Amino acid sequence: MYDEAIKPPEFDMSELENLFSAAMPTSGHGGSGERPGGRRTARGAKSDRVHLIDLKRAHNCEIMLTKVKMPMPDVMSAVLVLDDTVLDIDQVENLIKFCPTKEEMDLLRGYNGETENLGKCEQVFLEMMKVPRVESKLTVFAFKSQFISQVSDLRKSLNIVKYASQEVRESIKLRRIMQTILSLGNALNQGTARGSAIGFRLDSLLKLIDTRARNNKMTLMHYLCKVLAEKLPELLDFNKDLAHLEAASKRQLKTLAEEMQAVSKGIEKVEQELTASENDGPVSDGFRKLLKGFLVDAEADVKSLTYLYSEVGRSADALALFFGEDPARCPFEQVVSTLLNFVTMFRRAHEENIKQAELERKKAEKEAEKERMKLSPLRIDAGEQPSSPLIRKLK
């Protein structure tokens, strides 16, 4: 394979080894960063850091600290006085994610070295461990911070549902339109088994737009609007009675129930932490006093909110029953959606009727103008020659 007469060049073995030899692991634990007992160390210019917490979690914890932007002792002091002017809700929720677990706390309690030799995450965890049940306190803090806005938003949504239901049931104009639709349906079905109905299904409202006249020029919805415009014009703006209908269509009773449950559970956690903190000693004295004051006001708000929630549930069921529907089969959301679609279709049909009437008026005017133009020459040809006053005088 090679010529033995040609000698290969000599190599500088020292250089070759320095450049390409595999790095031999040093003795002991320096290469892997492990110390006896499973502790990892991070090499630094001046000193080694001891890491007891999973490196990925520790790294994420350090990222979280950049968002808090204040020393951990100050953070814990703010938590113990429930000061939401120092910590916003996003910062509190980030802190909750990085509360030390039981296993992590056990690791830190078992460490016998110098605290300053620990990694940044480990030192943060040790500071958090000075506050009894820190995760529970942070959770209560987060709930308190959001309580006013949470209750306000929920109350607003519940009132929208309540008002929408009341407006529909109390609208005289809507009731008269429904009676007109029933009469219209009975007139169309006269002589049949369906010609003497005493009511109709709610979803029949949306079928008015599908029923077309023989000439295909209008639908039953357009005809309804035409009849009302001619005979009962005062009903055409019935949608003004339903001021909260559109807003109510964006609410889901299931979501409101979940929000109500979240508020109730939050109050329960506050009560539990208040009871547990009685055994914390002086460290939680201020926390406990402030939490008691919050709980007194919060319980009163939740009590009134619970009453409103029950009232809204009854009102929502009453809306379906008002139209002769079963609330279980035709829930509030379906009723409101159907009514909102009916209002939209009704208004569109009425506007199209107005445009069509305007087109027909202009067309009639043009036809009349054409007829006048045709008759004018005929009068002249028939001997009706125009003459001046002077000519008439001479005659």
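What you see below is based on every heavy atom in this structure, not just the backbone, and it leaves out hydrogens, waters and symmetry mates. No experiment lies behind these values; they were computed from the predicted model shown.
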Engineer: Do K226 and E230 sit within salt-bridge range, that is, some charged N less than 4.0 Å from a carboxylate O?
Structural biologist: yes
Engineer: Are the side chain of R288 and the backbone of S277 linked by a donor-acceptor contact shorter than 3.5 Å?
Structural biologist: yes
Engineer: Would you mind reporting whether V134 and V79 have side-chain heavy atoms less than 4.5 Å apart?
Structural biologist: no
Engineer: Would you confirm whether S310, through its side chain, and T306, through its main-chain N or O, come within 3.5 Å as a donor-acceptor pair?
Structural biologist: yes
Engineer: What I want to check is whether the side chains of Q356 and E360 have a donor and an acceptor closer together than 3.5 Å.
Structural biologist: yes
Engineer: Salt bridge or not between K130 and E127? Use side-chain N to carboxylate O under 4.0 Å.
Structural biologist: yes
Engineer: Evaluate the side-chain proximity of F200 to L205: yes if any heavy-atom separation is below 4.5 Å, no if none is.
Structural biologist: yes
Engineer: For the pair K289 and D285, find out whether any cationic side-chain nitrogen is under 4.0 Å from an anionic carboxylate oxygen.
Structural biologist: no
Engineer: Hey, are the side chains of V161 and S315 touching, using non-hydrogen atoms and a 4.5 Å cut-off?
Structural biologist: no
Engineer: Check this for me, if you would: do D280 and K137 make a salt bridge, where the nitrogen-to-carboxylate-oxygen distance has to be below 4.0 angstrom?
Structural biologist: yes
Engineer: Report yes or no: does E122 contribute a side-chain atom to a donor-acceptor pair with the main-chain N or O of I53 at less than 3.5 Å?
Structural biologist: yes
Engineer: From K173 NZ over to L242 CG, what is the distance, rounded to the nearest 0.5 angstrom?
Structural biologist: 10.5 Å
Engineer: Could I get the full list of ring pair (Phe, Tyr, Trp, His ring centres under 6.0 Å) partners for H222, not counting sequence neighbours?
Structural biologist: none
Engineer: Any ion pair linking D153 and K156 (charged N to carboxylate O, less than 4.0 Å)?
Structural biologist: no
Engineer: For S149, check side-chain hydrogen bond (donor to acceptor under 3.5 Å, both in side chains) against everything at least two apart and list the hits.
Structural biologist: none
Engineer: Would you check, one step at a time, whether the test side-chain contact (heavy atoms from CB on, under 4.5 Å) holds for Y307 with V312?
Structural biologist: CA-CA 9 Å; Y307 179 81; V312 166; over 6 Å; no
Engineer: When you measure from the side chain of E273 to the backbone of V140, do you find a donor-acceptor pair of N or O atoms at a distance under 3.5 Å?
Structural biologist: no
Engineer: Which heavy atom in L245 sits nearest to a heavy atom in E167, and how many Å separate them?
Structural biologist: N-OE1, 4.4 Å
Engineer: Less than 4.0 Å between a side-chain N and a carboxylate O, is that true for K366 and E369?
Structural biologist: no
Engineer: Does E333 offer a backbone N or O that forms a donor-acceptor pair with the side chain of S337 under 3.5 Å?
Structural biologist: no
Engineer: What ring pair (Phe, Tyr, Trp, His ring centres under 6.0 Å) pairs are there with at least one residue in residues 136-157, not counting sequence neighbours?
Structural biologist: F143-F147, F147-F294
Engineer: Determine the minimum heavy-atom distance between E271 and L295, stating which atoms define it.
Structural biologist: CG-CD2, 3.8 Å
Engineer: Salt bridge (charged side-chain N to carboxylate O under 4.0 Å, His left out): which pairs involve residues 301-327, sequence neighbours left out?
Structural biologist: K162-E311, R201-E325
Engineer: Between F342 and F238, what is the ring plane arrangement, given parallel below 30°, perpendicular above 60°, and tilted in between?
Structural biologist: tilted
Engineer: For salt bridge (charged side-chain N to carboxylate O under 4.0 Å, His left out), just list the numbers for R361 and E358, CA-CA rounded to whole Å, side-chain angles, deciding distance to a tenth of an Å, and then say yes or no.
Structural biologist: CA-CA 5 Å; R361 184 185 65 79; E358 183 64 17; 2.4 Å; yes
Engineer: Scan residues 247-272 for pairs that pass ring pair (Phe, Tyr, Trp, His ring centres under 6.0 Å), counting only residues two or more places apart or in two chains.
Structural biologist: none
Engineer: Within the 4.5 Å heavy-atom criterion, are K97 and M64 side-chain neighbours or not?
Structural biologist: no
Engineer: Taking 4.0 angstrom as the limit, do R57 and E104 come out as a salt bridge?
Structural biologist: yes
Engineer: Please check this pair: side chain of R175 against backbone of S171, looking for a donor-acceptor N/O pair closer than 3.5 Å.
Structural biologist: no
Engineer: Once ring pair (Phe, Tyr, Trp, His ring centres under 6.0 Å) is applied, do any residues pair with Y309, and if so which ones, sequence neighbours excluded?
Structural biologist: none
